[in-house]
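Note that the structure is a prediction, hence the values are computed from the model and not measured. For the numbers below, each heavy atom of this structure counts, side chains included, while hydrogens, waters and symmetry mates do not.
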Amino acid sequence: MLRVHPVSTTPHDALFRAVFSDPQNAASELRHCLPADVSANIDFSTLKLRPGTFVDDALQNRHADLLFEAKISGHNGFVYVLFEHQSSPDKWMLLRMAGYMVRIWETFLKSSPQVDKLPVIVPVILSQVEGGWQSARKFTDIVDVASNQTAVFGRYVPDFEVQIEDLAGTEGDELERRDMVAKAKLALLLLRHTRRAEN
């Protein structure tokens, strides 16, 4: 399930990997886009890139990913960054994310079969979807359970949410004002600008 990173197939993919494979640049972006309480519990000084990709072969032209390990609340954990470099929304993005997270856990268990619990994974989507992110952010939002039946059937539905860095929905001057590593900020501006220039 874990594969070597493929040769980048798009300029967006190449830029994403070139900049955010560096833990310092990734940390600069993650400190900004993650909620404050989450960010405060990640020791970014321990952020380390893990090799490989978890994206389906058929989707390599639409998604790129980076997996980092770090100390999260004093425990070993992961931050998984998925770059969605497509212009149209994918209503099943959270289902795909769930599959990628399972692959990460399965790969982890192969290298650490003695553990008693799985490490936490913080999922982040860096999105260029035209018009801004409008799809679900929580997995429960894509499962058809009537609102008055959530107490009955909600126990059978996985419940996680993803953090969205919505480049298309963020103004350029807002990105420019961010307190970030210059290289990471420039990469976000370029990703945002090139996507808009293509539309």
| query | Are any non-hydrogen side-chain atoms of Val129 and Glu84 less than 4.5 angstrom apart? | reply | yes

| Does the side chain of Ser39 come within less than 4.5 Å of Phe44's, by heavy atoms? |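 Side-chain contact under 4.5 Å: yes.
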
Heavy-atom pair with the smallest gap, counting every atom of [X] and [Y]:
X: Val124; Y: Cys33; answer: CG1-SG, 4.0 Å
X: Phe83; Y: Leu126; answer: CD1-O, 3.3 Å
X: Gln128; Y: Leu167; answer: CG-CD1, 4.3 Å
X: Ile164; Y: Ser127; answer: CG2-CB, 4.4 Å
X: Ser28; Y: Val181; answer: OG-N, 2.7 Å
X: Ala26; Y: Phe20; answer: CB-O, 3.5 Å

Please answer whether the main-chain N or O of [Y] pairs with a side-chain N or O of [X] as donor and acceptor at a distance below 3.5 Å.
X: Lys185; Y: Glu176; answer: yes
X: Asn41; Y: Asp37; answer: yes
X: Trp105; Y: Pro119; answer: yes
X: Ser111; Y: Phe108; answer: yes
X: Asp13; Y: Ala64; answer: no
X: Asp65; Y: Phe54; answer: yes

Inter-residue atom distance [X].[atom1] - [Y].[atom2], 0.5 Å rounding:
X: Arg96; Y: Leu82; atom1: CZ; atom2: CG; answer: 10.0 Å
X: Leu189; Y: Met180; atom1: CG; atom2: CE; answer: 9.0 Å
X: Arg17; Y: Thr53; atom1: CZ; atom2: OG1; answer: 5.5 Å
X: Thr170; Y: Trp133; atom1: OG1; atom2: CH2; answer: 13.5 Å
X: Leu190; Y: Leu15; atom1: CG; atom2: CG; answer: 6.0 Å
X: Ile104; Y: Ile121; atom1: CD1; atom2: CD1; answer: 4.5 Å

| task | For the pair Gln163 and Val122, evaluate side chain to side chain contact (heavy atoms under 4.5 Å, CB included) and give the outcome as yes or no after the intermediate values. | result | CA-CA 8 Å; Gln163 189 63 39; Val122 178; 5.8 Å; no

Under the salt bridge (Lys or Arg N to Asp or Glu O under 4.0 Å) test, residues paired with [X] that sit two or more places apart:
X: Asp141; answer: none
X: Glu69; answer: Arg50
X: Arg31; answer: none

| request: Taking side-chain contact (heavy atoms from CB on, under 4.5 Å) as the test, write out the residues that go with Thr46, two or more places apart. | output: Asp43, Ala70, Lys71

| query | Considering residues at least two apart in sequence or located in another chain, which fulfil the side-chain contact (heavy atoms from CB on, under 4.5 Å) criterion with Phe160? | reply | Met97, Ala98, Met101, Pro123, Phe139, Val162

| Partner residues of Glu165 under the side-chain hydrogen bond (donor to acceptor under 3.5 Å, both in side chains) criterion, sequence neighbours left out | Arg178

| Hey, mind stepping through Leu66 and Ser21 against side chain to side chain contact (heavy atoms under 4.5 Å, CB included) and telling me if it holds? | CA-CA 7 Å; Leu66 296 170; Ser21 290; 3.6 Å; yes

| field | Audit row: Val145, Val152, side chain to side chain contact (heavy atoms under 4.5 Å, CB included) steps and yes/no | value | CA-CA 9 Å; Val145 176; Val152 177; over 6 Å; no

| said: Evaluate Leu30 against Val81 for side chain to side chain contact (heavy atoms under 4.5 Å, CB included), listing each step before the verdict. | reply: CA-CA 9 Å; Leu30 292 169; Val81 183; 4.1 Å; yes

| field | Salt bridge present between Arg192 and Glu171 (N-O < 4.0 angstrom) | value | yes

